[in-house]
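Take a look at the structure below.
Source: prediction; values computed, not measured. Values below: every heavy atom of this structure, side chains too, minus hydrogens, waters and symmetry copies. Below, read A as the first sequence line, B as the second, and so on, with proteins coming before strands; counting in each chain starts at 1.
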2 protein chains.
Amino acid sequence: MSVVALAKIPRPSKAQRIDTIVESARKVFCASGFEKGSIVDIAKDAGIAEGTIYRYFDGKRSLLDEVLHRHYAVFFDDVQQTLPSIEGHSNRLRYLIRRTLLSISGDRGICGLITRDKRPLDNETPSLSQDLNRQIAVLMADEVKAGIKSRTFHCNTSPSIVCDMIGGGLELIAYSYMRTGKSIDVDKVTDSISLTFLSGIESSDPTTESLANLVERLEQTADRLDHS
Amino acid sequence: MSVVALAKIPRPSKAQRIDTIVESARKVFCASGFEKGSIVDIAKDAGIAEGTIYRYFDGKRSLLDEVLHRHYAVFFDDVQQTLPSIEGHSNRLRYLIRRTLLSISGDRGICGLITRDKRPLDNETPSLSQDLNRQIAVLMADEVKAGIKSRTFHCNTSPSIVCDMIGGGLELIAYSYMRTGKSIDVDKVTDSISLTFLSGIESSDPTTESLANLVERLEQTADRLDHS
DNA sequence: AGCAAATAATGAACGCTATTCATTACTTAC
DNA sequence: GTAAGTAATGAATAGCGTTCATTATTTGCT
């Protein structure tokens, strides 16, 4: 035996191992995409053998699912905590749009991964990738439906189609962000989207609605004059 | 030599060969998708060897590009012929939406192929797949911009974002169609989309407009008073 | 502490692809 | 009719995800 003692390296716990693998997978997938990022690369990055990955994950796809799952968890925790504190269907929709845009512009790597990996259709792929958009779509649709019930919105159009337009718009904006690299002006885009669908969906006639806004601005101006 | 004469089968012309290959590729890709549809399958369907395909196409991707290119050609020929005959920006936008929906619901095979194959991002893949949506987006954006110039639409929102919402909405509707198989009510969906974005984009009535101007002047006056 | 039995990790081997290329078959031009 | 040119072939290659017999480590029991 050599003079140098063979230090028995203790094995990491199951949870640690999984964390290591998922983090390496995230790195590799974000850098190379799902197709091109290979299991060997991930194993190398994690400092383990390929086979080990298959002890903890069913396959490459499951690994991607876990990476995305962890990413989404943060988003949905945040949404679930914030959404109930916001008053009004329009404002809640607005928040959902804004929060999604923040998520997009906040992590370019994951955004690219999600953007590339759209739309599985096949029987076997269980389509976790578009869960974010799907779940958000549900949240939005609920808001629109509730808004219709409470007469905030009119019902000349289908809630699901409005949500498709918002969600689809957000997807294309994310795609454009990935292609061009031009940073997203979150507030501006939020305004633009909200304006576009709101004026088309709100119950009261446009005249009254904008009049109400104008009156509000007038009052604010009057307040300012009073204080000066 | 065997008694049966070896009938010298004359080779088909270059154009015929290409047509055969592309048609087989279309069949295979539509049936199995781009990933799962293999070159061997295509070659078998076309009755040739794999190697032959590579004499006419750079690779699998080019083959897909050609399949889509041929599909799009029909669509754009139709659009280019019809669009100029339609009066009014709203009506032209409406036509583009309707024509896209017809294209989607008209060829489930290709629709699935396009739906699955969204969003290349990588340097090498030259992204032919989303050409349809991109080119339509340009047509729509032109219409919106012209509408703003001619005061048909107001400019509180960005044309590109409106088009993202329409295009993205159409994509999600196509996706939903592929997943559920439920046929699309083209006219109803066209109406729904048009209503949603139109009422949000059309110029408000003159009374409100002038009032808005008045308020703005008042606000500016207040600003001046503040600064003095 | 020592010794099974259980559990984890390994990496060579497998099967499946797209792609290439020396070889063979056909066409064309003189 | 033959030689030069062009097209077609399919076995060979390289790269991937995945499996599994083998090896290494940990755990539980006395």
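For A:Arg17, the listed nucleotide lying nearest its side chain is C:dA9; candidates were C:dA9, D:dT9, C:dT10. Considering only the side chain of A:Tyr54, D:dT18 comes nearest among D:dA7, D:dT18, D:dT9. The listed nucleotides are D:dT18, D:dA8, D:dG10; the one nearest the side chain of B:Glu50 is D:dG10. If you check D:dT9, C:dA18, D:dT18 against the side chain of B:Ile39, the one that comes closest is C:dA18. With C:dA9, C:dG11, C:dA18 as the candidates, the nucleotide lying closest to the side chain of A:Tyr56 is C:dA9. The B:Lys60 side chain lies nearest to C:dT19 when the options are D:dT18, D:dA8, C:dT19.
Of the possible donor and acceptor atoms, none in the side chain of A:Asp41 sits under 3.5 Å from a partner among the backbone N and O of A:Gly37. Of the possible donor and acceptor atoms, none in the side chain of A:Ser176 sits under 3.5 Å from a partner among the backbone N and O of A:Leu172. Side chain of B:Arg26 to main chain of B:Val67: no donor-acceptor pair is present (N/O by atom type, distance under 3.5 Å, no hydrogens or angles). A:Thr196 contributes a side-chain N or O that, together with a main-chain N or O of A:Ser192, makes up a donor-acceptor pair within less than 3.5 Å.
A:Ile53 has its CD1 atom 13 Å from the P atom of C:dG11, to the nearest Å. As rounded to whole Å, 11 Å separates atom P of C:dT7 from atom NZ of A:Lys14. Rounded to whole Å, atom C1' of C:dA18 lies 13 Å from atom CD of A:Glu35. Rounded to an integer number of Å, the gap from NZ of B:Lys36 to C1' of D:dC16 is 14 Å. If you measure from atom CG of B:Leu63 to atom P of C:dA18, you get 11 Å, rounded to the nearest angstrom. In this structure, A:Ile48 atom CD1 and D:dT25 atom C1' are separated by 16 Å, rounded to whole Å. For the pair A:Phe57 CZ and C:dA9 C1', the computed distance is 15 Å after rounding to whole Å. As rounded to whole Å, 7 Å separates atom P of D:dA8 from atom CZ of B:Arg55.
How far CD1 of B:Ile53 is from CG of B:Leu63: 6.0 Å, rounded to the nearest 0.5 Å.
At a threshold of 4.0 angstrom between heavy atoms, the contacts of A:Ser38 are confined to the sugar-phosphate backbone, with no base atom among them.
Interface residues of residues 24-31 of chain B facing DNA chain C, ordered by number: none; criterion, heavy-atom separation under 4.0 Å.
Cation-pi check for A:Lys14 over A:Tyr56 is not met; the charged atom does not lie both under 6.0 angstrom from the ring centroid and within 45 degrees of its normal.
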Q.
Could you walk me through whether B:Asp65 and B:Phe57 satisfy the side chain to side chain contact (heavy atoms under 4.5 Å, CB included) test, starting with their C-alpha distance in whole Å, then the side-chain angles of each, then the deciding distance to 0.1 Å, before giving a yes or no?
A. CA-CA 10 Å; B:Asp65 284 350; B:Phe57 296 94; over 6 Å; no

